[in-house]
Amino acid sequence: MTDYDPRIIDLYDEDNPDGPDHDYYRSLASLHRAQRILDLGCGTGILTVSFADGRDVVGVDPSPTMISYARQRSGADHVTWVEGYSSDVAEGPFDLIVMTGNVAQHIPDPQWERTLKDLRRLASDGGVLAFESRNPSIRAWEIWAAEEPTTRNTMFGEITEWCVADELDHGQVLLRSFNRFESTKEVVEEDLLLTFRDDDLLMKQLVSAGFEVSAIWGDWDRTVFDGSQGVMVFEARAV
């Protein structure tokens, strides 16, 4: 993968703060009394370290810059950090496996299907897998691309941000994000290939990998997904 610009990582927690989504995932850890937790696609580790209160926690991410940032967090010493993918995790089993921040959409097929099989291998029998993905029928990428550029003050001075989106085949969207550092006029471009899968497809893929879907929520308050919400939050058990 092409790694992130370190300046963007320095702003990541500000752009993706601790909130209701993290509260939901932490509630799962408590509800299921999980003692071993895997956070796949852990990013900067903002949620990961909060799991590590007397638990055995592993955080995995393919970005060297993300993992380097995570290892310097307060509480990072209580987490095992792995730079890589699901296939690079050897230890298990885990009581709870989470993928947050729409990580599922960053993994295209067939890698996504292989990832689910890896996670079944790493899950304890009855272990819980939880993740969220955007509802493709909302077509969020069109909303993002229609937004006007915005400028904000950061530790690096003013940054102007905008994006464009190209819809490809098979539910894939190429999202190009631009960050212009106004002090130097330098523009940093990040290209993300996002895969939008509907609930039926995700359910079939989960079942094929050895999971049973126990719930699909439409928000972080556990409202049942009815097709109209922008997010789909999946809970599944390893069977």
Q | Side chains of E167 and W141 in contact at under 4.5 Å (non-hydrogen atoms) | A | yes

Q: Output yes when E113 and K204 qualify as a salt bridge under the 4.0 Å nitrogen-oxygen rule, no when they do not.
A: no

Q. Ring centres of Y25 and W217 under 6.0 Å apart?
A. no

Q: Could you tell me whether the side chain of D61 and the main chain of G43 form a donor-acceptor pair under 3.5 Å?
A: yes

Q) So how far is it from E190 CD to L192 CG, rounded to the nearest 0.5 Å? A) 6.5 Å

Q. Do the ring planes of W220 and Y24 sit parallel (below 30°), tilted (30 to 60°) or perpendicular (above 60°)?
A. tilted

Q. For the residue pair V213 and L206, what are the closest heavy atoms and their distance?
A. CG2-CD1, 3.7 Å

Q: Verify whether one side chain among S137 and N135 offers a donor that lies under 3.5 Å from an acceptor in the other.
A: yes

**Q.** A236 to S214 - nearest heavy-atom pair and separation
**A.** N-OG, 3.9 Å

Q: Quick one: pull up CG in L116 and CZ in R121 and give me the separation to the nearest 0.5 Å.
A: 12.5 Å

(Q) Between D221 and T223 (side chain of the first, backbone of the second, donor and acceptor by atom type, cut-off under 3.5 Å), is there such a pair? (A) no

Q) Are S87 and R114 close enough that a side-chain donor and a side-chain acceptor fall under 3.5 Å? A) no

Q: Taking only Lys NZ, Arg NE, NH1 and NH2, and the carboxylate oxygens of Asp or Glu, determine whether R26 and D18 approach each other closer than 4.0 Å.
A: yes

Q) Are the charged groups of R36 and D95 less than 4.0 angstrom apart, N to O? A) no

Q) Would you find a donor on one side and an acceptor on the other, under 3.5 Å apart, between the side chain of E158 and the backbone of T154? A) no

Q) Is a side-chain donor-acceptor pair under 3.5 Å present for R197 with H170? A) no

Q. Do L119 and F211 have side-chain heavy atoms sitting under 4.5 Å apart?
A. yes

**Q.** Residue pair W81 / V58, side-chain heavy-atom distance below 4.5 Å
**A.** no

Q: To the nearest 0.5 Å, tell me how far D21 CG sits from T100 OG1.
A: 7.0 Å

Q.
Measuring from atom CG of D166 to atom CD of Q172, what distance do you get when rounded to the nearest 0.5 angstrom?
A. 12.5 Å

(Q) So V128 and I97, do their side chains get closer than 4.5 Å, heavy atoms only? (A) no

Q | Option passing side chain to side chain contact (heavy atoms under 4.5 Å, CB included) with E83 (candidates P62, P64, S63) | A | P64

Q) S27 and R222: side-chain donor and acceptor closer than 3.5 Å? A) yes

Q. Are side-chain N/O atoms of E182 and T160 paired as donor and acceptor at under 3.5 Å?
A. yes

Q | Heavy-atom pair with the smallest gap, counting every atom of A76 and A70 | A | CB-O, 3.3 Å

**Q.** Aromatic ring pairing W144/F196, orientation class (parallel under 30°, perpendicular over 60°, tilted between)
**A.** tilted

**Q.** Lys/Arg N to Asp/Glu carboxylate O, R152 vs D15, below 4.0 Å
**A.** yes

Q) Do W112 and Q205 have a side chain donor and acceptor closer than 3.5 Å? A) yes

Q: For the pair D13 and R73, find out whether any cationic side-chain nitrogen is under 4.0 Å from an anionic carboxylate oxygen.
A: yes

**Q.** Gap between atom OG of S133 and atom NE2 of H106 - 0.5 Å precision
**A.** 9.5 Å

Q: To the nearest 0.5 Å, tell me how far I67 CD1 sits from T44 OG1.
A: 9.5 Å

